[in-house]
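For the numbers below, each heavy atom of this structure counts, side chains included, while hydrogens, waters and symmetry mates do not. Chain identifiers are assigned alphabetically (A, B, ...) following the order of the sequence lines, protein sequences preceding nucleic acid strands; residue numbering begins at 1 within each chain.
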There are 2 protein chains.
Amino acid sequence: MDLDLRKLRYFVAVADRLHFGRAAEELHIAQPVLSRQIRALEHDLGTSLFNRDSHGVTLTDAGRQLMDDAGPLLASAHAVRRRVSASALGSRRLVVGFRAGIPVIPAARVFEARHPDVVVDVQRMEWDDQATMLLDGRVDVGYVRLPIDETGLRLTPLYTEPLMAVLPTGHRLAGKDEVSESDLAGEPLVWHGDASTQPTRRPHPDSGLRVRGVEEKLEHVAAGRGISFVGRSETVFYSRPDISYVPVPDLPPAQIHLAMAADRTSPLADDFFAAAQATAEVTAECGNYEMWQRANDAVSRHG
Amino acid sequence: MDLDLRKLRYFVAVADRLHFGRAAEELHIAQPVLSRQIRALEHDLGTSLFNRDSHGVTLTDAGRQLMDDAGPLLASAHAVRRRVSASALGSRRLVVGFRAGIPVIPAARVFEARHPDVVVDVQRMEWDDQATMLLDGRVDVGYVRLPIDETGLRLTPLYTEPLMAVLPTGHRLAGKDEVSESDLAGEPLVWHGDASTQPTRRPHPDSGLRVRGVEEKLEHVAAGRGISFVGRSETVFYSRPDISYVPVPDLPPAQIHLAMAADRTSPLADDFFAAAQATAEVTAECGNYEMWQRANDAVSRHG
DNA sequence: TCGGGCGATACCCCCAAGGTATCACCACGG
DNA sequence: CCGTGGTGATACCTTGGGGGTATCGCCCGA
């Protein structure tokens, strides 16, 4: 009658590896049990999900369809459990996710003014888990950078910011007012999974270093292992003496969106949405290094 | 470990009725079983979901939260099962839902030109099930009318159409070129659940007749039991001699959106989206009675 | 031809979901 | 003040399914 989420989880494990033995090991159950559970799921759905050839295990059409759907469904179930647990503790709390460089403070202030009893908790996200964290309820609402798989999400554009090249301070282009993409054509690239900071197709997409967070990226660039790109706001919050940032005006700007799980209704999250949209200008301006300099200059002149 | 969807379904039954015995009856299980299952669910979630006072059963905060989330989750699970079954049959088929008066043909033609092997199936929806049908997979993509609860849905605006008053042919205003809302202020109203055709607040919202489909609405209006409103396109597809339609320019127009479940990824549905957006103009124009008259006149002149 | 890898089968145990009978509690009427 | 009916919880039984181990059947490569 009802879909069995345990079996679904087992199915995902097998479909990921296309190998019953290793999937069973991963799930900490015996292989025959897994075989039987998958058979039961197939019986339940009235169709076979795997082709068991002598050459190995492959997905059927139905299996592929189930694979597409299983992830979001399991994530939703996880999110439900998480939210119920949270509301059981009576916690008036909103978890806001953000990508590196995006300040949550402006919107949080406005939000907390309207909801003095709610604590805004922040949680940094990376390119490869921003969607998952929203879908499985680890964050209630998040500032995300495009591109993102918007399956199961509700996105609202907030603002854009220009991209900057990340160069070691000693680099030949380090002092320039701006560079073009072609100026950097020959440089080795420190890859970030986030395609928003991947300008155009490079000849060898798997050559060079792959990093996950900004700090690692900067570390590699500072060590001279390559160059990279970041959104302008990151230059404010991650400034270091051995790194230079140079605008690259001919690259399309990075898009910052606000996102939440599409299958939810939450007055708190809605109000945070409103607060974030109201403060989008301010939030964007926080990423403007010139603005901070002008402000600092004004203070020091008056000091 | 995993949420048990059967227990979740049981929970919804109890929460709907706030009565264990009747919920058990509805579920076709014995009442003690239901009590035990709910206890197990509460234990699993680590919190109580119901307050069992001597005065009856009420939801706790956690229970309310779970109630908000349970419906969409169960609908998603249902949708997954449905889609897997469909793809098991190898059926290249896309089910398009539509509200009364909205022609699917223009978009379907464009879509079928690109996917000759896919059959476009159509399914009429009413105001009260349009969201559910999209969420539980009975339709893959749908033309919906606002307002709609967009939880779990992805909406794209297509076009708007003016509202028309529905009057019996003998009505004092039946022949007019247009009427204003105030002209109709005293008339009894045939209520449609769909608020898109409910102009402003009426003094007694539960007075008068309540209907579900257009045909029933027209039947009542024709019988002189009241007046009503519809989108302009419905006047084309539901024209009858005993009913007159009169434009009401001072009412805000009805909004037609295209919708699909947000937790899905489907190339077929995406292509239908594209086709529907490309043919939005034509689709809207199909609802223009004047256009059809001009076309008919041209044919008869030439015939 | 034979051994190794892999999924399926056979056969156990045990827990949980289903059932029935009954209890505990409370509101309410006589 | 005491039955009485309604409601959820408890006790106890049966059964199906999820967990395990041992083993088979099959195919492939040495």
Open item on the list: Quick one, Asp129(B) and Arg212(B) - any side-chain contact, counting heavy atoms below 4.5 Å?
Closed with: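 A side-chain contact exists here, since the closest heavy-atom pair is under 4.5 Å.
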Separation of atom [atom1] in [X] from atom [atom2] in [N], rounded to whole Å:
X: His19(A); N: dG7(C); atom1: NE2; atom2: C1'; result: 9 Å
X: Arg17(B); N: dT7(D); atom1: CZ; atom2: C1'; result: 16 Å
X: Arg9(B); N: dA17(C); atom1: CZ; atom2: C1'; result: 13 Å
X: His43(A); N: dA8(C); atom1: NE2; atom2: P; result: 16 Å
X: Leu34(B); N: dA16(C); atom1: CG; atom2: C1'; result: 15 Å
X: Phe50(A); N: dG7(C); atom1: CZ; atom2: P; result: 10 Å
X: Arg22(A); N: dG7(C); atom1: CZ; atom2: C1'; result: 13 Å
X: Glu42(A); N: dA8(C); atom1: CD; atom2: C1'; result: 12 Å

Looking at [X], does any N or O in its side chain come under 4.0 Å of the phosphate oxygens OP1/OP2 on [N]?
X: Arg52(B); N: dA9(D); answer: yes
X: Arg39(A); N: dT9(C); answer: yes
X: Ser35(B); N: dG8(D); answer: no

Open item on the list: Between Arg264(A) and Asp140(A), does any NZ, NE, NH1 or NH2 come within less than 4.0 Å of an OD or OE carboxylate oxygen?
Closed with: yes
TODO: Under the side-chain contact (heavy atoms from CB on, under 4.5 Å) rule, what do Phe111(A) and Val96(A) come out as? Steps first, then yes or no, please.
DONE: CA-CA 11 Å; Phe111(A) 176 83; Val96(A) 178; over 6 Å; no
- [ ] Apply ring pair (Phe, Tyr, Trp, His ring centres under 6.0 Å) to Tyr143(A) and list each qualifying residue two or more places apart in sequence or on a separate chain.
- [x]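 Ring pair (Phe, Tyr, Trp, His ring centres under 6.0 Å) list for Tyr143(A), sorted by chain: empty.
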- [ ] Assess the side chains of Asp61(A) and Gln65(A): does a donor N or O sit below 3.5 Å from an acceptor N or O?
- [x]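 Looking only at side-chain atoms, Gln65(A) and Asp61(A) do not form any donor-acceptor pair under 3.5 Å.
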Open item on the list: Tell me whether the count of non-hydrogen atoms from other residues, nucleotides or ligands lying under 6.0 Å of CD in Glu112(A) goes above 12.
Closed with: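 Enclosed: over 12 neighbouring heavy atoms sit under 6.0 Å from CD of Glu112(A).
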Open item on the list: Does the protein touch nucleotides 16-30 of chain D at the base, only the backbone, or not at all? Give it as B, S and - per nucleotide, heavy atoms under 4.0 Å.
Closed with: --BBBBB----SS--
All N/O donor-acceptor pairs, side-chain side in residues 35-42 of chain A, below 3.5 Å, sequence neighbours left out:
residue  : atom : partner  : partner atom : Å
Ser35(A) : OG   : Gln31(A) : NE2          : 3.2
Glu42(A) : OE1  : Arg52(A) : NH1          : 3.2
Glu42(A) : OE1  : Arg52(A) : NH2          : 3.3
Glu42(A) : OE2  : Leu49(A) : N            : 2.8
Glu42(A) : OE2  : Phe50(A) : N            : 3.2
Glu42(A) : OE2  : Arg52(A) : NH1          : 3.0

